[in-house]
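Comments concern the structure below.
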Amino acid sequence: MQKGVINMNILFFGTKSYDKEFFEKLVGSGAYHDLELTFIEPNLTPETARLADGYLAVCAFVNMNLSKSTIYTLQKCGVKLILMRCAGFNNVDLEAAKECGIIVMRVPGYSPEAVAEHAMALVLTADRHMHKAYIKCRENNFNLSGLMGVNLHGRTAGIVGTGKIGTAMAKICRGFGMRIIAYDMYPNKDLDFIEYVSFEQLLAEADLISLHCPLTEDNYHMINKDTIQQMKDGVMLVNTSRGALIKTADLIQGIRDEKFFAVGLDVYEEETGIVYEDMSDRILEHSTMARLLSFPNVMVTSHQGFFTREALQAISQTTMDNALAFVEGRKSGNEL
Ligand code: NAI
């Protein structure tokens with residue numbers, strides 16, 4: 001390959017300032033001089049896909065709509081490669097990409113600890129009412145009413161999915177002195193401190209349930225009225241995985257029935273269209289989010305589990321390595 005000649009132009013959809021900062025810094029370092037990056041703000045949707053006209057590759061994120069219609073438009077634009085700058089890909093129609101001869105690559109693991117540490121931050125915030133304590137102290141209210149939490153030490157953590165992030169979360173919970181039980185169809189034999197149990201047993205025994213499995217057709221709404229009923233009273237539930245693992249209406253009913261001591265959500269069913277956007281001067285379309293935010297024991301964040309410096313460095317590095325492998329006709333190992 002001739003050095004200094006641009007071999008691939010990549011259109012970045014849904015660019016935020018931090019994407020630009022990390023990717024430009026990396027490409028500016030010289031290792032990726034065959035790649036030319038163009039950053040635009042709109043998210044990738046069936047309507048915006050035509051902006052990719054003339055680009056060989058597009059780069060998209062977890063909150064975008066890579067449905068069949070989007071992918072067929074990308075094909076018409078001449079796109080040959082979709083670079084997902086994330087791990088999850090349930091928003092990509094892989095079948096359509098195959099039909100169109102478009103290769104899809106992702107970043108399978110960048111910093112499992114980033115997501116697991118955020119999951120524990122949600123647990124601690126909701127359990128110890130940090131969000132309320134912060135506001136109270138700022139207003140010179142040093143009264144402790146409404147702030148009582150429970151110890152994690154000695155309690156049981158139930159980890160659903162012991163892949164990279166679930167393992168990191170299990171290790172964190174172990175550090176807190178918790179007993180660790182887990183459910184996964186493929187138990188990891190190296191994790192000798194974990195007791196693998198059935199999903200039903202996990203629901204019945206865990207004081208803290210943390211979801212770390214990908215969203216599939218089989219586990220859609222795995223947390224619903226029936227499974228909530230099987231949980232212990234006063235359970236804590238955390239979801240940093242995918243919103244549709246939980247049936248939100250049933251969760252809200254469970255919270256109203258005082259089933260949960262604390263709930264931490266980094267992802268939720270209605271996040272498409274609002275996540276990563278400043279909606280502070282708008283009226284939200286979905287009332288379920290407002291309902292969730294009205295509960296004092298619920299902590300919601302906006303799909304930010306991945307959002308650490310280390311994770312962004314790793315995401316940009318792997319995404320550019322994926323692009324380079326494509327340019328050089330190699331497999332990166334991250335093809336879907
Ligand atoms: P991984 O592929 O390393 O592990 C997933 C594990 O879940 C595997 O061990 C698999 O056997 C297990 N699993 C699959 N279906 C299951 C089911 N129905 N019940 C129980 N276990 C099941 O994935 P990784 O990297 O740990 O990521 C997990 C999920 O975290 C991703 O799929 C994604 O949805 C989410 N995620 C969230 C982020 C955030 O910013 N909040 C960032 C990155 C990932």
Side-chain angles (χ1 to χ4, degrees), residues 14 16 18-19 60-64 84-92 94 106-123 157-173 180-191 194-203 206 209-224 227 230 237-247 264-269 271-272 274-276 299-316 318-319 333-334 336:
K16 302 289 183 205
Y18 46 84
D19 295 316
F61 197 53
V62 64
N63 57 325
M64 299 181 197
M84 296 303 293
R85 52 180 190 274
C86 53
F89 54 90
N90 54 291
N91 55 331
V92 186
L94 292 179
R106 66 167 180 146
V107 184
Y110 36 91
S111 175
E113 290 77 18
V115 185
E117 287 172 16
H118 189 74
M120 185 46 96
L122 284 171
V123 176
I159 310 291
V160 181
T162 51
K164 292 177 283 299
I165 298 172
T167 296
M169 181 62 172
K171 288 179 179 166
I172 290 171
C173 291
I180 316 294
I181 58 174
Y183 167 67
D184 195 310
M185 294 87 70
Y186 305 100
N188 181 346
K189 304 247 165 26
D190 297 335
L191 302 172
I194 292 183
E195 188 187 329
Y196 280 95
V197 296
S198 66
F199 185 47
E200 290 69 27
Q201 194 179 340
L202 183 143
L203 293 172
I209 297 176
S210 196
L211 306 180
H212 298 290
C213 54
L215 175 65
T216 64
E217 280 176 11
D218 297 334
N219 62 22
Y220 177 78
H221 283 177
M222 72 193 300
I223 303 297
N224 55 45
T227 50
Q230 294 173 56
L237 174 69
V238 179
N239 188 9
T240 53
S241 213
R242 282 294 175 271
L245 292 173
I246 299 180
K247 187 169 177 186
L265 304 173
D266 188 43
V267 289
Y268 26 91
E269 283 189 288
E271 70 180 52
T272 308
I274 65 168
V275 75
Y276 307 131
M299 181 70 200
V300 178
T301 52
S302 184
H303 207 145
Q304 69 174 76
F306 74 99
F307 201 49
T308 66
R309 192 156 279 281
E310 290 78 4
L312 284 172
Q313 265 158 6
I315 288 171
S316 50
T318 306
T319 306
N334 295 327
L336 289 167

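Whatever order the structure lists them in is the order used to number ligands and atoms, beginning at 1.
Here the protein heavy atom with the shortest distance to atom 40 (O) of ligand 1 is Phe306 N, 3.1 Å. For atom 4 (O) of ligand 1, the closest heavy atom belonging to the protein is Gly163 CA, 3.1 Å. Closest to atom 18 (N) of ligand 1, if we only count protein heavy atoms, is Asn219 ND2, 3.3 Å. For atom 14 (C) of ligand 1, the closest heavy atom belonging to the protein is Pro214 CD, 3.5 Å. Among all protein heavy atoms, the one lying closest to atom 31 (C) of ligand 1 is Ser241 OG, 4.2 Å.
Of the possible donor and acceptor atoms, one in the side chain of Asn91 sits under 3.5 Å from a partner among the backbone N and O of Val62. Between the Tyr276 side chain and the His303 main chain, a donor and an acceptor come within less than 3.5 Å of each other. Without hydrogens or angle criteria, Asp184 side chain to Pro187 main chain gives no donor-acceptor distance under 3.5 Å.
When only interatomic distances are considered, the shortest N/O to N/O separation between Cys213 and ligand 1 does not fall below 3.5 Å.
Here Thr162 contributes atom OG1 and Tyr196 contributes atom OH; the two are 2.5 Å apart, rounded to the nearest 0.5 Å. Expressed to the nearest 0.5 Å, how far SG of Cys86 lies from CG of Asn63 amounts to 8.5 Å.
With a 4.0 Å heavy-atom cut-off, ligand 1 is reached by the backbone of Ile165 and by its side chain too. With a heavy-atom cut-off of 4.0 Å, Tyr183 touches ligand 1 through backbone and side chain alike. Residue contacts with ligand 1 for Tyr110 involve side-chain atoms from C-beta outward but no N, CA, C or O (heavy atoms, distance under 4.0 Å).
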Tell me which donor-acceptor pairs under 3.5 Å the side chains of residues 305-315 have, and how far apart each pair is, sequence neighbours excluded?
residue: Thr308; atom: OG1; partner: Ala311; partner atom: N; Å: 3.1

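Put simply, part of Thr240 is less than 4.0 Å from ligand 1, judged by heavy atoms. For Thr216, the heavy-atom gap to ligand 1 stays at 4.0 angstrom or more.
Shown here for Thr167 and Asn188, the closest heavy-atom pair between the two residues is OG1-ND2, 4.4 Å. The shortest heavy-atom contact between Ala182 and Ile194 is CB-CG2, 3.5 Å.
The option from Thr162, Asp184, Ile159 that lies nearest to atom 9 (O) of ligand 1, judged by heavy atoms, is Asp184. Among Met169, Met185, His212, the residue whose heavy atom sits closest to atom 17 (C) of ligand 1 is Met185. For atom 25 (O) of ligand 1, the candidate residues are His303, Lys164, Arg242, His118; the nearest heavy-atom contact is made by Lys164.
For ligand 1, the atoms lying closer than 4.0 Å to a non-hydrogen atom of Tyr186 are 11 (O).
Within the 4.5 Å cutoff, the side chain of Met169 has heavy atoms near those of the Val123 side chain. The shortest side-chain heavy-atom distance between Cys173 and Met120 falls under the 4.5 Å cut-off.
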